Every structure is written in structure tokens, then in C-alpha cells.
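Read through the structure below, which is laid out as C-alpha cells, and then see the notes.
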Amino acid sequence: MQIIERKQLRQKPAGGTQLGFGHYFTDYMFTMKYTADKGWHDAKIEPNEPKPFDLATSIFHYAQGIFEGMKAFRQPDGSIAVFRPDENWARMNRSATRMCIPNFPEDVVEEGLEELLKLDRDWIPAEPGTALYIRPTIVATRVMLGVHASTEYLFFIILSPVGSYYAHGLEPTKLVVEDKYTRATIGGTGEAKCLGNYAASMKAGEEAEEKGFDQVLWLDANEKKYVEEVGSMNMFFVIGGEVVTPALVGSILPGITRKSCIQILKDKGYRVSERRISIDEVIAAQENGTLDEAFGTGTAAVISPVGLIRYRDKDYTINGGKMGAVTKMLYDTITGIQYGTAPDPYGWKKIIK
Ligand code: COI
């Protein structure tokens, strides 16, 4: 793989909790181009610097683009661990298919990521709760305004040292159930990790933040009845000893942390159901005292307890606003594997020396 070295390295930020999420970027990036005649080609590592784009480039107009989120963790022996990258590449190619983007060679981007992490290894923060966030992205780069799939693309991976996704860290989040706007519909792009899904969610997110909430809890578009996801997290509820997460009906992102949690829960003997769960069932469980815990899962959010849900102007405080035992077990198990303080019985980590 070609590596273009930079002359001067960037100033690194102070680590720890003040890193926030997605504010700082490393020295290098991976890039690869696609053209109809050459396919995917010109994979390389180059200095992370701004790139000039013609303003008629199709990504700016029709958002034909997809992304992923992964994390690299510093291990106690100094090596680097990436959590389940093969799952992200596979999901990214499924998103690509949905968005008419040509599938990319997973082995080439895997090698690119490895080289990139080796070059930028000093950027991986060491403090507890921090990681190097990996953002692979594909954007349509043909200069053309017709509404057609592009014939040219840029694949890039940028890296960002991050702390907690939420400004308040592991403090339980406050969600408001969104019953006006919708995130995704069956047959739409909800299960693809495409750029437009996130743009479409911002209006509701902004209104929620103005009211003092962290995020919105999305309901299904048809009936505004079933819980879907949070946008940056998949949702789980612990109700009377059963751990319930909304089934992947086509409008929900198939989260990799979600999948990992389901496996851990099943292996530890919990009763886990992937099924449709209505907001009425959640509220009824809260009212009759059987809603023990609610939490979200995601690469950026890790395992985030949910302490409060507002639905139709009424606030419901879950588990006294505290992190529950199942949430804590999953948080400890997943982060133990990721940070190398516990064994990795599933072989989920890719280790880079
Ligand atoms: C992630 O968890 O990696 C996400 O993509 C969610 C959000 C930061 C967009």
C-alpha cells in the first residue's frame, strides 16, 4: 500500500474526558477511488488534509453516501485492538448495495485500516473510557446534477480520538419519544448507514435538546406505535426478567454492539427477545413496576443507561434514574473485551501489533 508521509505532525489534544466526540483528527487518512472503468483503485495512506471539491459534486446535492463507526482501543501490552471490523465492512457493503454504490474489496480496506492505525498509533488515547474512533465513509464524487447513481466515488477512513459520546458520560440519558417526525420507513433507507438518515433526524434532535433531552426515541413511521431506535443507539428494555430489543424489521440499523449484547446475554442465560415492542407496553411495564432497566447500545455510545423517558408530556423515571444490573454487566463485559482487561472468548478483537 502506498504511504505518502507528512512533513509535520499535528499537535495532539490533551486526552481524557475533554476529548468529547469527533472534534480532533489524526495525521493520516486512508483513501481509495472508484471509477467505472477502473473499479476501486489507488488505495493509499496520505496526510489528512482538506480536499478541494467541485461544488457540483453529486454528494453535495443528493447525499449518495454511507459511513461506518468503529473503535480502536489501546491494549495493556501496547498493541491495538479493533472491535469486530469484519462486521462493519460487511454492513458497509450492504449499505452500499442499498445506495447504488459499488461494493468495495473488504481485504483492501482492512489492510488500509491496519496501516493507518500503525501510523497513527500515538493518537490512541489511554485514559479509561477513551478510544480512537474510526470513520470509514464513501461519497459520490461525480460532477453532475442529474439524479442518477454516481459513476465515481471516494472511500476514505479518518480517525478521531474520542471520549464519551454524551457530554455527561455514563450518567443515564434522557429520551423523549418522538411522535411527530419519523426517522425511517419500511422500504426506505433506515437499515442502511447512509448520510441522509442522520440529516433527517436532526430537526427532532434539536427540538429534543431544546427541551433538555439527550436524544429522541423513534417510533415506527406507519402507526407511531412500536419502538424503533434512538439514531445513535439501538434500544433494549429489561421487563420482568426478559431482555427485549426491537426486531430488525427493515427500518432499524442492525447494530454490531446490539448483536454482541444479544450474544452475551444469551450465553449468560438471560431470556432475550428480538420482537416488536410498543411504547404502550414499555409505559405499562413502567407503571406496573416490571420495567427494570432501559439502555442503548452503539459503537459511539457503547452501553448507555436510559434514566428517563418522556412520552406525551409525561416523564417516566426508569430504575430510579440509575444504571441497572444488566446494563452494568453488559457495559463491563463489552468494555472489558475492548480494553483488554478481560478475556475475549468470542475472538471479536482484531489485534494489531
Ligand atoms: C456510531 O456509533 O458509530 C454511530 O455511527 C452513531 C453516531 C455517532 C452517528
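Treat the numbers as computed from the prediction; the structure is a model and nothing was measured.
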Any salt bridge between [X] and [Y], counting N to O under 4.0 Å?
| X | Y | result |
| --- | --- | --- |
| K33 | D42 | yes |
| D220 | K224 | no |
| K350 | E110 | yes |
| E87 | K259 | yes |
| D86 | R84 | no |

Quick check: does any side chain N or O of [X] sit under 3.5 Å from a backbone N or O of [Y], one acting as donor and the other as acceptor?
| X | Y | value |
| --- | --- | --- |
| W218 | V177 | no |
| T335 | Y331 | yes |
| D344 | I337 | no |
| S95 | K193 | yes |
| S58 | M144 | no |
| N88 | G69 | yes |
| R10 | N48 | yes |
| S160 | Y24 | yes |

Side chains of T97 and N103: is there a donor and an acceptor less than 3.5 Å apart?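 Note: T97 and N103 side chains meet the donor-acceptor criterion.
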
Can you pull out every side chain to side chain donor-acceptor pair (under 3.5 Å) where at least one residue sits in residues 172-183? Sequence neighbours excluded, please. Y181-E207, R183-E229

Does anything in residues 261-272 pair up under side chain to side chain donor-acceptor pair (under 3.5 Å), and if so which pairs, sequence neighbours excluded?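 Side chain to side chain donor-acceptor pair (under 3.5 Å) check on residues 261-272 returns D267-Y346.
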
For residues 52-74, pull every pair meeting salt bridge (Lys or Arg N to Asp or Glu O under 4.0 Å), keeping only residues two or more places apart or in separate chains.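 The answer is E68-R91.
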
For residues 282-302, which residue pairs qualify under salt bridge (Lys or Arg N to Asp or Glu O under 4.0 Å), counting only residues two or more places apart or in two chains? E287-K314

With Q215 as reference, evaluate S304, S201, S232 under the side chain to side chain donor-acceptor pair (under 3.5 Å) test and give the passing residue. S232

Parallel, tilted or perpendicular, judged at 30° and 60°: which one describes the rings of W89 and F104?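 Ring orientation of W89 relative to F104: perpendicular.
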
Once you measure the plane-to-plane angle for F295 and F236, does it fall in the parallel (<30°), tilted (30-60°) or perpendicular (>60°) bin?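 Plane angle under 30°, so parallel.
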
So, using side-chain hydrogen bond (donor to acceptor under 3.5 Å, both in side chains) as the criterion, who are the partners of E281 when residues are at least two apart?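 Only R275 meet the side-chain hydrogen bond (donor to acceptor under 3.5 Å, both in side chains) criterion with E281.
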
Results of side-chain hydrogen bond (donor to acceptor under 3.5 Å, both in side chains) for T31 - residues two or more places apart only: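 If we apply the side-chain hydrogen bond (donor to acceptor under 3.5 Å, both in side chains) test to T31, skipping adjacent residues, the hits are E46.
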
Does atom NE2 (H148) have a neighbourhood of more than 12 heavy atoms from anything else shown, all under 6.0 Å? no

Might you confirm whether atom CD of Q8 has over 12 heavy atoms from other residues, nucleotides or ligands at distances under 6.0 Å?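 12 or below, so no.
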
Identify whether M32 and M1 are in the same connected component of the hydrophobic contact network (ILVMFWY, side-chain heavy atoms under 4.5 Å).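 Shared cluster, yes.
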
Is any side-chain heavy atom of [X] closer than 4.5 Å to a side-chain heavy atom of [Y]?
| X | Y | result |
| --- | --- | --- |
| L291 | V238 | no |
| N234 | I252 | yes |
| I351 | I80 | no |

Measuring centre to centre across the rings, with the benzene-like ring taken for any Trp, is Y133 within less than 6.0 Å of F21? yes

Partner of I134 by side chain to side chain contact (heavy atoms under 4.5 Å, CB included), out of L116, I157, I158, T299: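 One option only clears the test, and that one is I157.
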
